[in-house]
Amino acid sequence: MRKKVSIIIPVYNETTNINVVATAVENVMNTLPYDYNIIFVNDGSTDLTVQYIKKLCSKDSHINYISFSRNFGHQNALKAGFDMSSADAVISMDGDMQHPPEMLPELLRLWELGNDVVYTIRKDHQELPMVKRKTSDMFYRILNRLSSIELEKGTADFRLLDKKVVDVLREIKEYDLFWRGLVKWLGFRQISVEYEPGVRVAGKSKYTYKMMMEFALKGITSFSTKPLIIAIYLGFISAFLSFLYIPYAMVSYYSGHAISGWASVIVTIAFFGGIQLMILGIIGMYLGKLFMQSKQRPHYIISETDIT
Ligand code: UDP
Ligand code: MG
């Protein structure tokens, strides 16, 4: 019996990329001794993406789809793919050709050698905008410093997972999903391979800087409570500084210079006000996570699928 491999491709408004990606993946997979299917997860696209996928499905038995009722985000789209797949190995990749299908044989080879997780690391690409590279480096440095997991910079959502890993992932009920961290955290036999990112064939990146910032904050707060501890230290430091300020205020008062202290009072209020707001923000972020988690809403809602 041939082993079965599922390739999960989340797509959000990728109309013109659907055919290109499907053909490229099939050309590679047809040379390999596996039964496979490609699962397109349509993440609430507002263009013709879903029509294109359905058209492909109707004439190609290798293609399946899951379609969401609205946009739920890339990480939730991946979850839907994991939840719905029953294959021996599941590979996730982007729908814009930035994750080269030529890497598939290598991922599968390493899996056959007994690895449960084969994850990929993006080689630093000169074509990527400088700001994107630098902010991404900074994110991984902060995350590694603050949390107990160690993520290599450039870790991508392009990876192969063995069935037993997917079975475990399915049980994870965390609201804010950050797969690259979660997968690393799981353990199992993991191995990494580097890849040269392709250029996006068409359309533009769905991740704006604002979204990347939110993604980074989610990632950090999912794997570490150290920001809360930093908040406590900041509180201590500012309390200490303010105690130092008391003798100065007393001396000014008794020497009759009290009124001249206006500027320093304003500066101090602004400084401590800032610190307090920042700390409140950090606490609020964790509270918000708790709030969202407590509602136990589903990660996604499927409006249509051909997987039974
Ligand atoms: N994507 C998605 N839902 C979203 C945003 C993106 O399913 O809300 C998909 C997108 O169609 C693509 C993949 O996730 O297949 C990666 O997104 P993108 O290429 O925009 O990100 P980048 O490569 O710039 O990090
Ligand atoms: Mg991309």
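Ligands are counted one by one from 1 in listed order, and the atoms in each one are counted from 1 as well.
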Exercise. Can you find a heavy atom in the side chain of Asp60 that is under 4.5 Å from one in the side chain of Glu26?
Worked result: yes
Exercise. With the threshold set at 4.0 Å, does a side-chain nitrogen-carboxylate oxygen contact exist between Asp167 and Arg170?
Worked result: yes
For this session: Report yes or no: do Tyr34 and Asp88 form a side-chain donor-acceptor pair below 3.5 Å?
Result: no
Exercise. Any cation-pi pair here, Lys289 with Tyr286, using under 6.0 Å and within 45°?
Worked result: no
For this session: Report, as a single number, the protein N, O or S atoms less than 2.8 Å from the Mg ion (ligand 2).
Result: 2
Exercise. Quick one: does Tyr195's side chain get under 4.5 Å of Glu106's, heavy atoms only?
Worked result: no
Exercise. So which of Leu161, Val165, Val183 actually passes side chain to side chain contact (heavy atoms under 4.5 Å, CB included) with Gln190?
Worked result: Val183
Seminar exercise, completed: Output for ligand 1, non-hydrogen cut-off under 4.0 Å, lists Pro10, Val11, Tyr12, Glu14, Asp43, Asn71, Gly73, His74, Asp94, Gly95, Asp96, Gln98, Lys132, Arg200, Ser205, Lys206, Tyr207
Exercise. Is the side chain of Asp94 donor-acceptor paired with the backbone N or O of His99 at a distance under 3.5 Å, no angle test?
Worked result: no
For this session: Answer yes or no for Arg70 and Phe72: cation-pi contact, defined as NZ/CZ to six-membered ring centre under 6.0 Å and angle to ring axis within 45°.
Result: yes
Problem set entry | Ring centres under 6.0 angstrom apart (Tyr65, Phe40) | no
